[in-house]
Amino acid sequence: MTLALISVDFVTPAWAENALPPKPEGDYILVCNSSHVCIWRLRSTIEDSQTTTKPGKPPVKSITRTPERICMDGGAARACTSNLGNWSNGQQCYLRRLQPQPPKSDPSWQGHTDGAVWICVREQGNRFVTRWIWLPGRPDTVVVDPVTLVYEAIGEMRLAPPLIKTAPGVGQIGLVNMPVWMWVTKTENTWGPIVRSASVPGLAVAVTAQVKAINWSMGDGKTVRCEGPGTPYDKSMGVKGSPTCGHRYVKTSRKLPNCKYPVTAVAQWDITWQSTLGDSGQISMTQQAATQLRIGEAVPVLVDPGGGQATVADSGC
C-alpha cells in the first residue's frame, strides 16, 4: 500500500478578505486560524504571549507587571512625590504627617482620639494652599517612601520640650554679674536616646533620636549653646560659675515686663534613620521650653555696729 502526501495551500477567498475590519493604527498584524478566521492583533501582544526557550535552560515565561498607579490632579498627571510630601488621589493634595501632633483638643482632630493629623498641601495658581486634615489610618498616597515611615516612627517617640532648671530658680532673685546656672533633666522623651521603628510590607525603618545641644536665649540678647544637659546646681558649690552651662547678666531686669528676663531653651534633636532597603538619612528637629528670671543688684544695708554690713538683692520691682 502506498501512501501519498498531499500538500494543500489554504487561500483566503476574496469575499473573506473584504469582510475583514479595517486595520487599526499602530503595529498590528493579521492573524488567521485554521478555519480562515482572521483578526488584527497587536504585535507586542503576540510576542509577550510566547515562551522563549534557550538551550540548556528552562523556558522563561513572560512576566506580567501590575500597572503603576498614576497620580492624578483632576484630569492631569501629577508627580507622585515632591518636597511637599506624597500625592493622595483621594485628598487631591500632597500629604505628610504633622510633627509634632497637635493636642487632642485642637479642632483638626474633629473630636477623634485615634489616627493622626496630616498636612495637606496643593498648588493653586501661583500659591500653595495648606490645611490640616484628620485621617483614621494610613493615607492613600501612591508612594510609600522611607521618609514617610520615618516621620511615622518619630510620631511614636512623642518627643517633648526640655525640662529646664535654673539657679536662681523661679521665685528667686539673682544678682547682676553673679553666675546663673542652667541645666535640663534627662528623660527618654526630652533628651534621648530613643529608638522607634515603622514598617509596611517590604519596607521598614529604624529611627534613633538624641538631643545634640540646648540653645539658651537669655532674654538680654545673648545666646548660650550647651552641648550637654548642663550641671545641676547645689548650694555646696557656692557662687562659682557653672562648669558646663552658665551665664551672667550685666543689667537688672527692672525695666522688663514683669521685671523678668524671658528665657527660652531650644533642644536640638539629631535624628538618624536606616531602612531595610539600604537607605539612610538624618533629620533635625527642635523642641523648646521657657521660663523667666528676675535679676536685681546688690544693695548694702546698715546693721548694728557689731554685725557689720549685709547685702540684699534689689530688683527695683
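Worth saying up front: this structure is predicted, and the values here are computed from it rather than measured.
- A 4.5 Å side-chain heavy-atom check between C226 and W216 finds at least one atom pair inside the cut-off.
- A donor-acceptor pair under 3.5 Å links the side-chain atoms of T244 to the main chain of T231, judged by distance alone.
- No donor-acceptor pair closer than 3.5 Å links the side chain of S217 to the backbone N or O of G219.
- Between M218 and V224, some side-chain heavy-atom pair lies under the 4.5 Å cut-off.
- Annotation: side chain of V117 is in contact with side chain of W109 (closest heavy-atom distance under 4.5 Å).
- Under the side chain to side chain donor-acceptor pair (under 3.5 Å) criterion, D270 pairs with Q282, sequence neighbours left out.
- Residues V121 and R96 are in side-chain contact: their nearest non-hydrogen atoms beyond the backbone lie under 4.5 Å apart.
- Enclosure of atom NZ in K104 by more than 12 non-hydrogen atoms of other residues, nucleotides or ligands within 6.0 angstrom is indicated.
- Residues W181 and M237 have side chains in contact (heavy-atom distance under 4.5 Å, counting atoms from C-beta outward).
- Proximity of a side-chain donor or acceptor of S108 to a complementary backbone N or O of I133 within less than 3.5 Å is not detected.
- Within the 4.5 Å cutoff, side-chain heavy atoms of M178 are placed close to those of V239.
- Side chain to side chain, Q91 and R122 fail the donor-acceptor criterion of an N or O pair below 3.5 Å.
- By the 4.5 Å heavy-atom criterion applied to side chains, W191 and Q210 are counted as neighbours.
- T208 and T272 form no side-chain donor-acceptor contact under 3.5 Å, judged by distance and modelled atom types alone.
- Ring geometry for W134 against H112 counts as parallel: the plane angle stays under 30°, on a 0 to 90° scale with 60° as the upper cut.
- Checking side-chain atoms of S253 against main-chain N and O of I295 turns up a donor-acceptor pair under 3.5 Å.
- Formation of a donor-acceptor pair under 3.5 Å by the W132 side chain with backbone atoms of W118 is not found in this model.
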Identify each donor-acceptor pair in which a side-chain atom of residues 149-167 lies under 3.5 Å from a protein atom, sequence neighbours left out, and give them as a table.
{"residue": "E152", "atom": "OE1", "partner": "R138", "partner atom": "NH1", "Å": "3.2"}
{"residue": "E152", "atom": "OE1", "partner": "R138", "partner atom": "NH2", "Å": "3.4"}
{"residue": "T166", "atom": "OG1", "partner": "P168", "partner atom": "O", "Å": "2.8"}

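- The backbone N or O of L98 sits less than 3.5 Å from a side-chain atom of Q101, completing a donor-acceptor pair.
- For D140 (side chain) and G90 (main-chain N/O), a donor-acceptor pair under 3.5 Å exists by modelled atom type.
- For the pair Q287 (side chain) and P100 (backbone), a donor-acceptor distance under 3.5 Å is absent.
- Hydrophobic clustering (side-chain heavy atoms under 4.5 Å, transitive across Ile, Leu, Val, Met, Phe, Trp, Tyr) keeps V266 apart from W183.
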- Could you please spell out the steps behind the side-chain contact (heavy atoms from CB on, under 4.5 Å) verdict for D73 and Q92? CA-CA 6 Å; D73 183 0; Q92 289 288 280; 3.4 Å; yes
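- The backbone N or O of T291 lies less than 3.5 Å from no partner atom in the side chain of Y261, so there is not a single donor-acceptor pair.
- With 3.5 Å as the limit, one finds no donor-acceptor pair spanning the side chains of T187 and N189.
- Between W269 and I194 the shortest heavy-atom distance is CZ3-CG2, 4.3 Å.
- A donor-acceptor contact shorter than 3.5 Å is absent between the side chain of T264 and the backbone of A290.
- Among all heavy-atom pairs drawn from T190 and T185, the shortest one is OG1-O, 3.4 Å.
- In this structure, Q268 and N215 have side chains that are in contact, with non-hydrogen atoms separated by less than 4.5 Å.
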